[in-house]
Asker: 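Please read through the structure below; I'll follow up with questions.
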Amino acid sequence: MHKPPLSSRLRPFTSTIFAEMTALAQRTGAVNLGQGFPDTDGPQRMIEVASEALRNGMNQYAPGPGVPELRRAVADHQRDRYGIDLDPDTQVLVTVGATEAVAASLMALVEPDDEVVLLEPYYDSYAAAVAMAGAKRRGVPLAEDPETGRFGLDVAAVRAAIGPRTRALVLNSPHNPCGAVFTREELSALAEVCREHDLMVISDEVYEHLVFTPGGHVPIATLPGMFERTVTISSAGKTFSVTGWKVGWATGPAELVAAVRAAKQFITFVGPGALQFATAHALREERPWVERLCGDLADKQRRLADGLAEVGFGVRRSEGTYFVCADIRPLGFADGLEFCRQLPELAGVAAVPVQVFTDEPERWRHLVRFAFCKRDEVLSEAVDRLAALRK
Ligand SMILES: *Cc1c(COP(=O)(O)O)cnc(C)c1O
């Protein structure tokens, strides 16, 4: 074969940093704080409901838009929590994780050669999904505040990046990898730009329940003039510590949801009904469990951030999610990718460099991301090991 078999659209996306760092962690026996999945299980009753559903024959294709119990539970959740009114039949679509919801939204809503704004650093699947849709991404960096260590929305930079072909913006709050939870003020300013330029917003809110700061999570769809242009996306994986389930959903105006469904039906058609059914149970009944999880994660965040600071990292503020970012320069390192490739050998811990989630690596090479969604003893072990870096 003369040409590589992979299409030119996908050629830039052959390897992921997670595969590389996880392989490295396994080879060296490092504590893996690279990949963001919990090492404890979801709510017991949720798992029982799924098992019972499987035993009771929920084993054939689910309805295309998702099992009705879950669509109703999602609609009730959006109403009770955010005051968003949704018709479960036309304004809620169940997907195979948030990942499929994002990809199907982009395939359904943007034309080839349209531009899509991604805020950098971005979750890695966004760039690949934009490419699969044949569109072009326009990266706009978040603003790192040197005083507070917080990452904010740079709305002026978003405005400056918009051109005549810009069609949509992918938003992620609470933000992976930065741990920022954008405020109502920041989102209102962003919303104004979206209305002004008639942009659609694909809003990835998978960490909506994992917020440690008092302001809480604000869905951009709740801001004036935004519901009609926003596909809001969430999933069971992060909220209920079941990242392997891949039960997600997209909500919004019927017109946008129908478009996403048109793409989704030819990607996976449907996901597992039993897991959707159990997720409906969890959305209705497991609120206290989720609140406990959020409190535990806030403690873990503090524990890891304090430990990293003690080792000498420049720890950034994390307001939610599974992640905290840290500056490696105070420890005498300059490049996050090189640092992460050495870290398992140097200290027996794995992390991921933030620069791989951007199109402008120079700007982000001082930062690495650590996951704290791990058992306390795992975090303590990681912090003990990292002490080897102390200058
Ligand atoms: C984990 C994660 C996802 C993936 O969600 P799934 O439901 O597993 O597909 C999407 N977006 C962000 C920001 C994530 O961190």
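Heads up: numbering here begins at 1 and tracks the sequence. Numbering of ligands and ligand atoms starts at 1, following listing order.
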Asker: Would you kindly specify which portion of T99 sits under 4.0 Å from ligand 1, judged on non-hydrogen atoms: side chain, backbone, both or neither?
Answerer: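 It is both parts that get close, each with some atom under 4.0 Å.
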Asker: I need the nearest protein heavy-atom contact for atom 11 (N) of ligand 1: residue, atom name and distance, please.
Answerer: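 Result for atom 11 (N) of ligand 1: D204 OD2, 2.6 Å.
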Asker: Taking all non-hydrogen atoms of both residues, which atom of R167 and which atom of L109 are closest, and how far apart?
Answerer: NE-O, 4.1 Å
Asker: Where does K246 meet ligand 1, judged by heavy-atom distances below 4.0 Å: at the side chain, the backbone, both, or neither?
Answerer: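 The part of K246 near ligand 1 is the side chain, not the backbone.
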Asker: Centres of the Y207 and Y322 rings: under 6.0 Å?
Answerer: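 For Y207 and Y322, the ring centres are under 6.0 Å apart.
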Asker: Has ligand 1 got any nitrogen or oxygen that is less than 3.5 angstrom from a nitrogen or oxygen of K238?
Answerer: yes
Asker: What are the two closest heavy atoms between R71 and D89, and how far apart are they?
Answerer: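 Heavy atoms of R71 and D89 come nearest at NH1-OD1, 3.1 Å.
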Asker: Cation-pi check, K374 to F37: give yes when NZ or CZ is under 6.0 Å from the six-membered ring centre and within 45° of the ring axis, no otherwise.
Answerer: yes
Asker: Compute the minimum heavy-atom distance from Y207 to ligand 1 and say whether it is under 4.0 Å.
Answerer: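 The answer is yes: ligand 1 sits under 4.0 Å from a heavy atom of Y207.
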Asker: Yes or no on side chain to side chain contact (heavy atoms under 4.5 Å, CB included) for E196 and E192, after CA distance, side-chain angles and deciding distance?
Answerer: CA-CA 6 Å; E196 226 169 80; E192 191 181 316; 3.9 Å; yes
Asker: With backbone taken as N, CA, C and O and side chain as the heavy atoms from C-beta onward, which portion of A98 lies under 4.0 Å from ligand 1: side chain, backbone, both, or neither?
Answerer: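 It is both backbone and side chain that touch ligand 1.
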Asker: If the test is side-chain contact (heavy atoms from CB on, under 4.5 Å), which one of V315, D299, V324 qualifies with L304?
Answerer: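 Running side-chain contact (heavy atoms from CB on, under 4.5 Å) over V315, D299, V324 with L304 returns exactly one hit, V324.
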Asker: Short list, please: which atoms of ligand 1 are under 4.0 Å from a heavy atom of G97?
Answerer: 6 (P), 7 (O), 9 (O)
Asker: Under 4.0 Å from any heavy atom of N172, which atoms of ligand 1 are there?
Answerer: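 So the answer, numbered in order with elements, is 13 (C).
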Asker: Could you tell me whether S235 and ligand 1 have an N or O pair separated by under 3.5 Å?
Answerer: yes
Asker: Between D124 and V356, does the side chain to side chain contact (heavy atoms under 4.5 Å, CB included) criterion hold? Intermediate values first, please.
Answerer: CA-CA 8 Å; D124 59 349; V356 301; over 6 Å; no
